[in-house]
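Heads up: the structure comes next, in structure tokens.
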Protein chains: 2
Amino acid sequence: MVTTRNSRADVVTAAGRLFAERGYHGTSMRDLGKELGLLGSSLYSHVESKQDLLVEVVEEGARLFGASADAALAQGGSADEVLVRLIDGHVDVVLDNRDVARTFLNEANMLDDSHRRRVLDARDHYEETFRGTLRAGVADGSFRDDVDPKTDAIFILSVLNAIERWFDPGGSMSVAKLKAELGRFVGAALT
Amino acid sequence: MVTTRNSRADVVTAAGRLFAERGYHGTSMRDLGKELGLLGSSLYSHVESKQDLLVEVVEEGARLFGASADAALAQGGSADEVLVRLIDGHVDVVLDNRDVARTFLNEANMLDDSHRRRVLDARDHYEETFRGTLRAGVADGSFRDDVDPKTDAIFILSVLNAIERWFDPGGSMSVAKLKAELGRFVGAALT
DNA sequence: CCTATACAAACGAACGTTCGTTTGTCCAGT
DNA sequence: ACTGGACAAACGAACGTTCGTTTGTATAGG
């Protein structure tokens with residue numbers, strides 16, 4: 001036998017893929033059904049609404065990035081060690097969960113107000129991890145004293161969040177090389 | 001009298017605003033009509049199709065960025081002078097034409113294949129301006145020799161393209177300050 | 001100066017299609 | 001036997017678009 005029945009997780013995964021590729025409003029329930037070999041209506045055996053699927057995907061993204069930041073902080077070490085772990089962790093989250101990350105980054109403002117608020121709060125908390133690390137590094141002298149933690153956290157995250165838009169995991173640049181280039185660029189900017 | 005009749009340009013401008021805010025697929029012709037105090041059907045006095053509007057907005061974006069790069073190159077000067085002009089010009093384009101820039105950056109892949117191809121080519125040509133400037137700066141020693149023009153052009157453009165996502169023109173950071181921070185960050189990364 | 005003509009802008013109704021979703025039924029696996 | 005997954009049909013609403021018509025305004029001819 002080649003086909004299995006689908007689980008709710010299968011539906012959410014496929015939704016992440018299509019939302020990442022075509023956007024939330026560019027994806028219909030019938031599109032999503034086709035992706036799974038189902039009718040659009042059959043998805044309602046697994047899920048309560050289309051919006052529900054977006055919530056699930058985006059919140060998984062928030063959870064993944066949050067967990068990555070927590071792990072980077074938990075290990076301790078100097079500011080630049082923590083920062084490297086934050087960067088590498090971010091890259092891993094994006095590349096290991098590309099569709100979820102893309103949907104998280106690009107489709108979060110298609111959420112209804114209450115869910116969007118929660119996701120933006122989580123995003124701000126994640127950004128604060130970067131800000132705090134930059135602040136610590138400036139305070140202990142490992143980063144230049146003209147580094148502005150608030151602004152530079154945004155700049156660094158801008159570079160990291162754009163990775164999904166151009167990096168090709170099957171291309172000529174390896175993930176290790178990507179991380180090395182990021183470390184060099186950000187390191188040079190801060191020290 | 002308070003109301004005037006609308007021109008095609010008015011429709012395109014409003015389309016840019018809604019496409020930037022809600023995305024192409026998140027904007028209906030009736031939404032767009034309401035924005036102008038019209039019925040959705042009335043828009044077809046000005047425009048041939050919805051896709052037509054997207055083409056117009058996105059291609060204006062491509063034109064604006066292209067013109068900015070041409071201007072930055074035309075003045076000549078050292079690599080870092082050119083780069084500063086490229087950065088400042090990019091910021092000006094984004095902030096003076098926010099809706100067009102946002103639509104250009106986020107909705108270009110909603111275009112049909114032929115139009116998308118042309119826009120991606122223009123985008124690549126714009127990026128090449130940055131790559132070339134970095135290459136020149138490495139060659140003449142004004143930038144560090146571990147700078148990778150291809151990768152660093154992407155990094156710099158990632159920072160620039162993200163500006164529309166967080167910068168608030170009415171907020172506490174002035175445009176001059178934004179440009180200064182960008183110059184500092186990128187300058188430190190490259191030298 | 002008036003008036004007929006031309007034209008662009010907008011209307012309102014309707015087209016066929018697709019949307020998200022609901023319903024009832026059936027079948028396969030436990 | 002029960003139950004969860006899927007089907008097939010259908011719902012009302014909204015979609016992009018077309019149509020014939022009306023409105024307002026500018027212009028050219030008498």
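None of these values were measured; they are calculated from a predicted model. Within every chain, numbering begins at 1; the chains are lettered A, B, ... in the order of the sequence lines, protein sequences first and strands thereafter.
Nucleic acid contact for B:Gly37: sugar-phosphate only, since backbone atoms but no base atoms lie under 4.0 Å from a heavy atom of the residue.
Separating the CG atom of B:Leu38 from the C1' atom of C:dA9 is a distance of 8 Å, rounded to the nearest angstrom. The distance from atom CG of A:Leu36 to atom C1' of D:dC7 is 15 Å, rounded to the nearest whole Å. Distance, A:Leu39 CG to C:dT22 P: 16 Å, rounded to whole Å. A:Lys34 has its NZ atom 13 Å from the P atom of D:dC7, to the nearest Å.
With respect to A:Arg116 and A:Asp113, a salt bridge is recorded, a charged nitrogen being found less than 4.0 Å from a carboxylate O. Salt bridge annotation for B:Lys177-B:Glu181: present, with a cationic side-chain nitrogen under 4.0 angstrom from a carboxylate oxygen. Look at B:Arg102 and B:Glu21 and you find no salt bridge, because none of the NZ, NE, NH1 or NH2 atoms lies under 4.0 Å from a carboxylate O.
A:Arg123 places a side-chain heavy atom less than 4.5 Å from the side chain of A:Leu105.
Residue pairs meeting the salt bridge (Lys or Arg N to Asp or Glu O under 4.0 Å) criterion with at least one partner in residues 10-20 of chain B, sequence neighbours excluded, are B:Arg17-B:Glu35.
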When you check every protein heavy atom under 4.0 Å of nucleotides 11-21 of chain D, what one-letter string (B, S, -) results, 5' to 3'?
----BBBB---
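Note on A:Leu120 and B:Trp166: separate hydrophobic clusters, where clusters join Ile, Leu, Val, Met, Phe, Trp and Tyr whose side-chain heavy atoms are under 4.5 Å apart, directly or indirectly.
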